[in-house]
Amino acid sequence: MKTIYLVIPCYNEEEVLLETAKRLKEKINILIEKGKISEKSRVTFVDDGSKDNTWSIIEHLNSSNNIFSGIKLSRNRGHQNALLAGLMTVKNYCDAAISLDADLQDDINVIDKFIDKFIEGCDVVYGVRSDRKTDTIFKRTTAQGFYKVMKVLGVDIVYNHADYRLMSKRALESLEQFKEVNLFLRGIVPLIGYKSDVVLYERNERFAGESKYPLKKMLSFAFEGITSFSVKPIRLILTVGIVMFISSLVALLYFLIIWIMGKTVQGWTTVVASIWMLGGIQLLCLGIIGEYIGKIYMESKARPKFIIDKFINA
Ligand code: UDP
Ligand code: MG
């Protein structure tokens, strides 16, 4: 029988944690009773440097029932790193791990289907949202826009899939070989390959607490995703450069003609406009190049992506 670990990154989640733990414990127990998963299966919470009582709740859960285990990161490293810390720690104990959010927005009833597909031989099972009814219009449009931009840029990501997925031990071991520091799991997992499948589910609203992804974090996450996986923005600079060069030749011709006709003074608008335009484009290009250089800088440091402070597992 397969041992399954549920991995849940938590950042300041004291409001939802007890309820989440209760529901996940029920779920795991039902699956154990049905004979679907082994008794060694666990629910592992990763405390991503929370400032509230999250870790003491996790410790309490762990001492009350050994179905719960906990990992405490040395400080806040963000959702993706916390998730990776959890996955890399539990992969030595399980046959497959399922990652999900602490707020249980992802429907836990599809876990059964995840496990069925895993038993049928899939190494990666993606949870995909069937619709976005529960999102605000803003979140819906920005999120879908993001998936579309990624597609245009040639990045292979699963549409409407967040980080709710099952990965086999083998897939997790392969994930470990990706050494990059700028972590965007949704882009990396499809690169691993192996047999995969999707399971559709409906996403609920958070039952308590607030989103830990304010607009600023969301934007930087999207930007990270794009610049970590696509060099198309750099190529775009080249295209802009070529277009600008050709248009400047045309403009030059125009300037020459009016110069020959003796109307040069009138050129003031053109001159000023082109200075501003060129300046703007150059700055933009420098910015994009700088972004990639920044990435190279970070990658060359090869800093650890997380540091585990404690690991409690009965
Ligand atoms: N999270 C985390 N570290 C962070 C931010 C978020 O571990 O720095 C966790 C959070 O506790 C939750 C998950 O990532 O379990 C997703 O966050 P949230 O539900 O706030 O995002 P949303 O669903 O609003 O996109
Ligand atoms: Mg959420």
Side-chain angles (χ1 to χ4, degrees), residues 4-9 78-84 86-88 91 96-135 139-178 180 182-204 211 213 217-233:
I4 306 289
Y5 269 57
L6 303 181
V7 177
I8 300 118
H79 175 222
Q80 300 286 294
N81 288 313
L83 186 54
L84 188 77
L87 293 174
M88 291 303 117
K91 76 176 189 332
I98 299 174
S99 48
L100 64 163
D101 291 353
D103 50 21
L104 293 195
Q105 283 184 286
D106 306 312
D107 181 9
I108 59 168
N109 293 313
V110 298
I111 289 180
D112 301 55
K113 290 191 200 157
F114 276 41
I115 294 166
D116 289 340
K117 297 224 185 256
F118 170 57
I119 292 168
E120 283 164 22
C122 287
D123 278 279
V124 183
V125 185
Y126 299 99
V128 170
R129 300 177 64 172
S130 50
D131 62 59
R132 283 182 171 269
K133 270 189 288 201
T134 53
D135 278 359
K139 178 111 188 186
R140 185 162 57 223
T141 13
T142 47
Q144 284 176 342
F146 169 70
Y147 286 105
K148 288 192 183 119
V149 169
M150 291 297 268
K151 185 144 208 154
V152 171
L153 293 174
V155 186
D156 178 22
I157 58 172
V158 180
Y159 192 67
N160 271 348
H161 156 71
D163 285 298
Y164 188 25
R165 74 176 86 80
L166 175 144
M167 291 178 77
S168 68
K169 190 187 181 86
R170 184 162 78 133
L172 290 171
E173 273 159 5
S174 313
L175 177 63
E176 197 173 27
Q177 292 172 33
F178 286 78
E180 56 207 86
N182 293 295
L183 200 62
F184 184 70
L185 288 171
R186 276 169 232 186
I188 297 175
V189 176
L191 294 180
I192 295 175
Y194 295 136
K195 189 173 173 218
S196 69
D197 206 342
V198 298
V199 166
L200 292 178
Y201 72 96
E202 268 179 38
R203 198 168 206 241
N204 311 314
S211 171
Y213 263 103
K217 265 196 193 172
M218 233 164 73
L219 285 178
S220 83
F221 183 61
F223 198 62
E224 186 82 345
I226 292 167
T227 50
S228 295
F229 280 88
S230 175
V231 287
K232 283 203 182 166

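The figures that follow rest on heavy atoms only: side chains count, while hydrogens, waters and symmetry mates do not. Along the sequence shown, residues are numbered consecutively beginning with 1.
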Just do the side chain to side chain contact (heavy atoms under 4.5 Å, CB included) check on Glu176 and Lys91 with the steps written out, would you? CA-CA 10 Å; Glu176 197 173 27; Lys91 76 176 189 332; 3.2 Å; yes
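- Considering only heavy atoms from C-beta on, Val158 stays 4.5 Å or farther from Val189 through its side chain.
- Looking only at side-chain heavy atoms (C-beta outward), Leu185 and Leu175 come within less than 4.5 Å of each other.
- The shortest non-hydrogen separation linking Leu100 to Pro9 is O-CD, 3.3 Å.
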CA sep, side-chain torsions, deciding dist, call: Met167, Ile192, side chain to side chain contact (heavy atoms under 4.5 Å, CB included): CA-CA 11 Å; Met167 291 178 77; Ile192 295 175; 3.7 Å; yes
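- Heavy-atom contacts from other residues, nucleotides or ligands closer than 6.0 Å to NZ of Lys151 number 12 or fewer.
- In this structure, Gly127 and His161 approach most closely via the heavy-atom pair O-ND1, 2.9 Å.
- From Lys148, atom NZ reaches atom OG1 of Thr141 across 10.0 Å, with rounding to the nearest 0.5 Å.
- Rounding to the nearest 0.5 angstrom, the gap separating the CG atom in Asp116 from the CG atom in Asp197 is 11.5 Å.
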Go through the steps for Lys117 and Val198 under the test side chain to side chain contact (heavy atoms under 4.5 Å, CB included), then give the verdict. CA-CA 9 Å; Lys117 297 224 185 256; Val198 298; over 6 Å; no
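- Between Phe178 and Leu191, some side-chain heavy-atom pair lies under the 4.5 Å cut-off.
- Note that the CE atom of Met88 and the CD atom of Glu173 stand 9.0 Å from one another [nearest 0.5 Å].
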Any chance you could lay out the side chain to side chain contact (heavy atoms under 4.5 Å, CB included) test for Tyr164 and Ile98, step after step, and finish with the verdict? CA-CA 7 Å; Tyr164 188 25; Ile98 299 174; 4.0 Å; yes
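- When all heavy atoms of Asp123 and Ser168 are compared, the closest pair comes out as OD1-OG, 2.5 Å.
- Across all non-hydrogen atoms, the minimal contact from Tyr126 to Arg165 is CA-CB, 4.2 Å.
- Residue Arg203 is tested with Asp101, Asp107, Asp103 for a salt bridge (charged side-chain N to carboxylate O under 4.0 Å, His left out); the sole match is Asp101.
- Between atom CG of residue Asn109 and atom CZ of residue Phe114 there is a gap of 11.5 Å, rounded to the nearest 0.5 Å.
- For the residue pair Glu120 and Lys195, the shortest heavy atom distance occurs at O-NZ, 3.9 Å.
- Relative orientation of the Phe184 and Phe221 rings is tilted, given thresholds of 30° and 60° on the angle between their planes.
- When side chains are defined from C-beta on, Leu6 counts as touching Ile111, because their heavy atoms get closer than 4.5 Å.
- You'll find the side chain of Tyr159 stays beyond 4.5 Å of the side chain of Val128, heavy atoms only.
- For NZ of Lys113, the number of neighbouring non-hydrogen atoms (other residues, nucleotides, ligands) closer than 6.0 Å is 12 at most.
- In this structure, the side chain of Ser130 engages the main chain of Tyr201 through a donor-acceptor pair within 3.5 Å.
- Counting all heavy atoms, side chain and backbone alike, Gly86 lies closest to Val7 at CA-CG1, 3.8 Å.
- In this structure a side-chain-to-backbone donor-acceptor pair under 3.5 Å is present from Ser99 to Asp163.
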